[in-house]
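In what follows, a single structure is set out as structure tokens and then discussed.
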Amino acid sequence: MFWLVPICIVALAAVLIGVVVVNKDGSSDSAASETPDRSAGSSGANGSGDGTDQTSDEPDFSFLERHDTEDTRAVGDDDAPVTLIMYSDYQCPYCANWNDETLPELMDFVDDGDLRLEMRDIAVFGEASGTAARAAFAAGEQDAYLEFHNALFEDGKHGSESKLSQDALISLAEDLGLDGQQFNQDMNAVTAHDDLETNSSEAQSIGVTSTPAFIIGGTPILGAQPTKEFVDAIDDALAEADATDSANGATPATSGGQS
């Protein structure tokens with residue numbers, strides 16, 4: 001799909017290349033304290049910027065939203081007014097921290113029908129990350145993606161490579177009540193490998209070289225910023241959706257904003 005929008009790809013790459021730097025051995029505390037960057041014109045090795053709000057001149061990256069009713073790793077209504085895309089790696093400490101601290105807060109938006117999460121698991125940190133991503137895909141085939149995903153990031157920590165081996169992942173699936181034999185087949189199926197390649201190619205094509213990286217309502221957020229940054233971004237996107245619906249004479253989206 002990306003050859004259809006080369007200008008937008010280049011523009012988003014300018015936002016993301018070299019900006020989202022998440023060190024596999026870094027501390028989650030520093031990630032949470034980084035200056036939030038939601039400006040497409042800013043740069044910096046640590047994903048920090050001047051906090052300038054997105055302007056009307058900046059492109060909209062909502063074309064990356066899939067709204068696929070068959071996407072087993074998406075959480076929330078496929079027609080929710082706001083979509084959050086997350087590029088994540090199962091060996092990424094910042095991803096684990098975000099999953100533990102921020103995701104539970106955002107589930108309120110999901111439960112209210114205001115937010116859809118589209119998870120894109122990729123392999124930034126090597127082969128074990130790819131194995132885990134395919135395992136998460138297999139869990140999704142048994143309608144247990146989020147449960148499996150959360151288990152891999154239990155207590156806000158990522159698993160060691162030994163815990164991301166194929167045998168360990170199958171054991172985890174069985175512990176969660178999944179069919180281990182089916183899980184193993186799905187994990188090693190061509191579709192699982194193709195899915196990982198699709199997500200990895202998509203991430204690379206828009207300049208995502210580190211994790212986590214997010215797009216909320218078409219606007220990028222780089223790194224595991226404080227929860228408030230995500231809540232504010234979703235509230236802003238909901239307000240924009242309300243304004244658009246009102247202008248079009250449709251029923252406005254109901255904000256699930258939090259304080």
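Computation of the quantities below employed the complete heavy-atom set of this structure, encompassing side-chain atoms and omitting hydrogens, waters and symmetry-equivalent molecules.
Exactly one of E202, E65, E197 qualifies for a salt bridge (charged side-chain N to carboxylate O under 4.0 Å, His left out) with R120. That residue is E202. Y90 pairs with exactly one of F148, F137, F125, F153 by the ring-ring contact (aromatic ring centres under 6.0 Å, His included) rule, that one being F153.
S165 places none of its side-chain heavy atoms less than 4.5 Å from the side chain of T131. Contact annotation: the side chain of L169 approaches that of L152 to within less than 4.5 Å [non-hydrogen atoms, C-beta and beyond]. Taking 4.5 Å as the limit, some side-chain heavy atom of L238 sits within range of a side-chain heavy atom of F109. Here the side chains of V208 and V124 are not in contact, with every heavy-atom distance at 4.5 Å or above. Contact annotation: the side chain of E101 never approaches that of P226 to less than 4.5 Å [non-hydrogen atoms, C-beta and beyond]. Residues I215 and L64 form a side-chain contact, since some pair of their non-hydrogen atoms from C-beta on lies under 4.5 Å apart. The closest side-chain heavy-atom distance from L115 to L84 is below 4.5 Å. With contacts defined as side-chain heavy-atom distances shorter than 4.5 Å, the pair V82/D114 does not qualify.
Of all heavy-atom pairs between I122 and A203, the closest is CD1-CB, 4.0 Å. Between I216 and A233 the shortest heavy-atom distance is CD1-CB, 4.0 Å.
Panel note: side chain R134, backbone M187; a donor-acceptor pair is recorded below 3.5 Å. H158 contributes no side-chain N or O that, together with a main-chain N or O of A96, makes up a donor-acceptor pair within less than 3.5 Å. Side-chain atoms of N97 do not come within 3.5 Å of backbone N or O of P93 as any donor-acceptor pair. With hydrogens and angles ignored, the 3.5 Å screen pairs no side-chain donor or acceptor of S201 with any backbone N or O of T198. Side chain of R116 to main chain of A80: no donor-acceptor pair is present (N/O by atom type, distance under 3.5 Å, no hydrogens or angles). The backbone N or O of Q181 sits less than 3.5 Å from a side-chain atom of D179, completing a donor-acceptor pair.
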What verdict does the side-chain hydrogen bond (donor to acceptor under 3.5 Å, both in side chains) test give for N150 and Y145, after you've listed the backbone C-alpha separation in whole Å, the side-chain angles of each residue and the deciding distance to 0.1 Å?
CA-CA 9 Å; N150 288 337; Y145 170 79; over 6 Å; no

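Aromatic rings from Y87 and F214 are positioned such that their centres are separated by 6.0 Å or more.
Looking at N99 and H149, their side chains do bring a donor and an acceptor atom within 3.5 Å of each other. Judged by distance alone, the side chains of S129 and Q91 do bring a donor and an acceptor atom under 3.5 Å apart.
One distance of note links CG of D167 with CG of L164; it measures 12.5 Å at 0.5 Å rounding. With values rounded to the nearest 0.5 angstrom, Y94 atom OH is found 10.5 Å from T211 atom OG1. Interatomic distance, OG of S62 versus CD1 of I85, reported as 8.5 Å (0.5 Å rounding). In this structure, T191 OG1 and E141 CD are separated by 6.0 Å, a value rounded to the nearest 0.5 Å. In this structure, NE2 in H67 is found 11.5 Å from CG in D77, a value given to the nearest 0.5 Å.
The cluster map of Ile, Leu, Val, Met, Phe, Trp and Tyr, joined by side-chain heavy atoms under 4.5 Å apart, puts I206 and L196 in different clusters.
Under the 4.0 Å criterion applied to side-chain N and carboxylate O atoms, R73 and E118 are not assigned as salt-bridge partners.
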